[in-house]
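Letters go in sequence order (proteins before strands), and every chain restarts at 1.
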Amino acid sequence: MKDLGRLMGKVEAPPEPAKLRAEGLTLGYDDTTVIERLAVEVPPGRITSVVGPNGCGKSTLLRALARLMRPRGGSVYLDGKEIFSLPTREVARRLGILPQSPEAPEGLTVRELAAQGRYPHQSWLSQWSASDERAVEEALRKTVMLGLADRPLDTLSGGQRQRAWISMALAQETETLLLDEPTTFLDMAHQLEVLQLLGRLNSEEGRTVVMVLHDLNNAARYSHHMIALHGGGVYAAGTPEEVVTPELLRDVFHVEADIVADPRTGLPLCVPYGLRRHPSGGEEG
Amino acid sequence: MRRRAVLRRGGLSLPLDLRAAAVVAGLLGASLVGIVLHVGVGEYPISPPDVVRALLGLSTGDENYYFIVNVLRLPRALVAFLVGAALALSGAILQGLTRNPLAAPEIVGINAGAGLAAVTLIVALPSVPAALIPPAAFVGAVAVAATLYLLAWRGESSPIRLILIGVGIGAVATALTTIMITYGEIEQVSQALVWLTGSVYGRSWEELWPLLPWLALFGSLALLRARHLNALTLGDEVAAGLGVGVERERGLLLLCSVALAAAAVATAGTVGFVGLMAPHIARRLVGPSHGGLLPAAAASGGMLVVAADLVGRVAFSPLEMPCGIITSAVGAPFFIYLLYRSADAK
């Protein structure tokens with residue numbers, strides 16, 4: 001893999017990974033509180049997955065980490081500095097975020113989309129520098145989108161479109177990438193394609209990746225660190241082996257499951273066999 | 001592939017979309033042809049070569065030509081072009097901001113607000129000098145836009161809410177305008193009605209000069225912010241993630257859109273559907289990137305209104321049809337087509 005990187009051109013030294021953490025974080029919309037006094041730390045240079053059932057606040061947490069929403073209480077810190085005290089541009093140069101199923105205007109080509117990633121590096125006088133051009137080409141190459149670069153997004157398949165959006169985030173050249181369910185609406189092959197791409201970005205360039213994932217097995221397989229949310233707080237955080245347990249599945253996902261070791265990787269694999277049995281005897285709906 | 005040339009010198013780097021530049025040049029050329037034809041027709045027809053000669057100040061066979069062309073007819077054609085350009089820019093910005101192809105100043109009630117203010121002045125306060133009508137129309141448009149902004153954006157934007165509330169505000173403003181017209185004095189009412197139809201009839205240099213600074217100022221401000229508008233069309237979250245000051249940029253761009261629509265409506269009344277159609281034509285030609293889209297939309301809007309006014313003058317001669325009726329006759333079916341298409345896509 002290292003040789004491949006050298007073959008494909010100059011690989012810049014990975015930037016010093018930023019430390020992203022939150023303390024006492026309370027998040028909500030209107031009059032509902034979704035996350036309450038949560039503390040979380042993102043290990044730099046690693047892949048972290050945030051998991052949990054629908055409505056547990058995974059996306060909300062990701063938005064707060066990306067500075068897209070103001071916390072009701074507590075703070076998010078980037079390298080020890082309160083994230084809202086930093087200039088918007090500086091944050092955007094260090095932290096890229098890909099929201100869930102983003103939409104591009106009709107007719108926008110892949111290359112034009114990727115070029116948008118250069119926004120925080122540009123100014124009115126410098127709108128398309130040589131390094132902008134290089135970063136966009138790099139991003140398109142890494143996502144294998146060079147061949148489709150001049151196609152409008154609306155003519156592409158779901159997997160290709162997701163890769164195009166990732167190329168935008170890559171062109172942003174941030175040391176940390178936050179992705180909200182990057183695999184939704186993708187079939188299995190395309191899910192793996194996206195996850196492997198993120199894996200390569202981490203292993204070859206040392207980028208910190210934080211993603212919200214629905215699929216526990218994918219999360220266990222493709223991340224070093226997992227954060228399981230439950231009841232507005234962190235239920236468990238640690239390696240996949242530490243986090244993916246029958247207790248987690250029962251308490252957080254309301255599912256009875258066996259956890260077996262993946263015969264290939266030894267990583268935990270969850271095999272659900274039923275809904276959680278209630279103390280009263282019935283099954284939960 | 002969209003070819004572009006890049007100017008790079010030191011820390012300076014500016015891209016130029018070659019296709020968009022060619023398209024804009026073509027549209028401007030077509031507009032120029034339209035203007036020459038427009039200036040040539042009338043009770044006293046002048047051949048296109050003579051029009052060009054008179055425009056350039058060269059000698060023609062008839063010494064009246066210079067006066068007819070440059071004093072009587074040219075300002076009307078130029079006002080038509082500028083009004084079209086302003087409305088088209090306004091529509092293009094609004095469509096980008098709302099991420100909705102159906103947005104246009106007349107759809108979200110901005111024109112109706114300008115119309116209400118102007119008609120109020122014409123009908124209810126006839127003693128006020130006519131020179132105050134454009135600023136009043138401007139205030140009306142801004143008031144509608146501000147109301148819209150306050151009602152539609154609750155913490156985060158919702159394009160559909162913006163459009164629906166805009167349609168509602170537009171209906172209220174139109175209803176109030178109708179009340180003014182129903183109860184007004186007949187003399188003022190007929191003046192107001194002509195104004196409302198959207199016409200460049202009888203526009204002279206005196207109407208043209210006040211329009212220019214608005215167009216120059218807010219047109220170029222919008223063009224300078226094209227980069228930010230591009231980022232905003234990807235959605236608030238993506239834009240914020242890219243480091244865009246979302247509320248600030250949206251406010252500035254909305255101000256541009258409103259000011260351009262207001263200046264246009266103040267000069268020529270409510271010339272309908274140009275702000276809706278021209279951006280679509282431009283997008284077909286140069287794609288969705290606003291650095292090329294905005295100039296192309298302005299040029300197509302200008303061309304549309306020049307053509308509409310030309311048709312209005314020639315097609316039913318000796319009767320003259322206001323250009324607003326022509327653009328609406330073409331624009332309304334186009335709007336229905338867009339609605340039909342977007343319903344299809346859902």
- request: Give a yes or no on whether B:Arg8 atom CZ has more than 12 heavy-atom contacts from other residues, nucleotides or ligands under 6.0 Å away.
  value: yes
message: At a 4.5 Å cut-off on heavy atoms, which part of A:Pro120 comes close to chain B: side chain, backbone, both, or neither?
response: both
field: Cationic N near anionic O, under 4.0 Å, A:Glu137 to A:Arg111
entry: yes
- line: If one checks every heavy atom of A:Glu103 against chain B at 4.5 Å, the contacting part turns out to be both
message: With heavy-atom distances below 4.5 Å as the criterion, would you say the side chains of A:Val40 and A:Leu25 are in contact?
response: no
- request: Apply the test side-chain contact (heavy atoms from CB on, under 4.5 Å) to residues A:Val194 and A:Tyr222: give CA-CA distance (whole Å), side-chain angles for both, the deciding distance (0.1 Å), then the verdict.
  value: CA-CA 11 Å; A:Val194 167; A:Tyr222 289 97; over 6 Å; no
query: Side chain, backbone, both or neither: which part of B:Val6 has a non-hydrogen atom closer than 4.5 Å to chain A?
result: side chain
field: Side chain / backbone / both / neither for A:Met168 at chain B, heavy atoms under 4.5 Å
entry: side chain
- line: Max heavy-atom pairs within cutoff under 4.5 Å with chain B, candidates A:His121, A:Arg67, A:Gln122, goes to A:Gln122
message: Please verify the inter-ring angle class for B:Tyr337 with B:Phe334; under 30° counts as parallel, over 60° as perpendicular, anything in between as tilted.
response: tilted
- prompt: A:Leu125 versus chain B, heavy atoms under 4.5 Å apart: side chain, backbone, both or neither?
  reply: both
Residue selection (most heavy-atom pairs with chain A, distance under 4.5 Å) from B:Leu234, B:Thr233, B:Val246: B:Leu234
query: Measuring heavy-atom distances to chain B, does A:Glu90 have an atom under 4.5 Å in its side chain, in its backbone, in both, or in neither?
result: neither
query: Does any donor atom in the side chain of A:Thr48 or A:Ser223 lie under 3.5 Å from an acceptor atom in the other side chain?
result: no
query: Tell me, side chain or backbone of A:Leu98 under 4.5 Å from chain B's heavy atoms, or both, or neither?
result: neither
- prompt: Between A:Gly117, A:Ala66, A:Gly96, A:Ala130, which has the largest tally of heavy atom pairs under 4.5 Å with chain B?
  reply: A:Ala130
query: So what's closer than 4.5 Å to chain B heavy atoms on A:Ala169: side chain, backbone, both or neither?
result: neither
field: Selection from A:Glu106, A:Arg89, A:Met69 maximising heavy-atom pairs under 4.5 Å formed with chain B
entry: A:Glu106
message: Any salt bridge linking B:Arg250 with B:Asp236? Criterion: basic side-chain nitrogen under 4.0 Å from a carboxylate oxygen.
response: yes
query: Is a salt bridge present between A:Glu138 and A:Arg141, judged by a nitrogen-to-oxygen distance below 4.0 Å?
result: yes
- prompt: Of A:Leu62, A:Ile97, A:Leu213, A:Ile166, which meets side-chain contact (heavy atoms from CB on, under 4.5 Å) against A:Leu179?
  reply: A:Ile166
statement: Residue from B:Arg225, B:Arg283, B:His228 scoring the most non-hydrogen pairs under 4.5 Å with chain A is B:His228
query: For B:Leu7, is it the side chain, the backbone, both, or neither that has a heavy atom closer than 4.5 Å to a heavy atom of chain A?
result: neither
task: Check each atom of B:Val244 against the heavy atoms of chain A and say whether the ones under 4.5 Å are side chain, backbone, both or neither.
output: both
- prompt: Ion pair present between A:Glu173 and A:Arg118, side-chain N to carboxylate O less than 4.0 angstrom?
  reply: yes
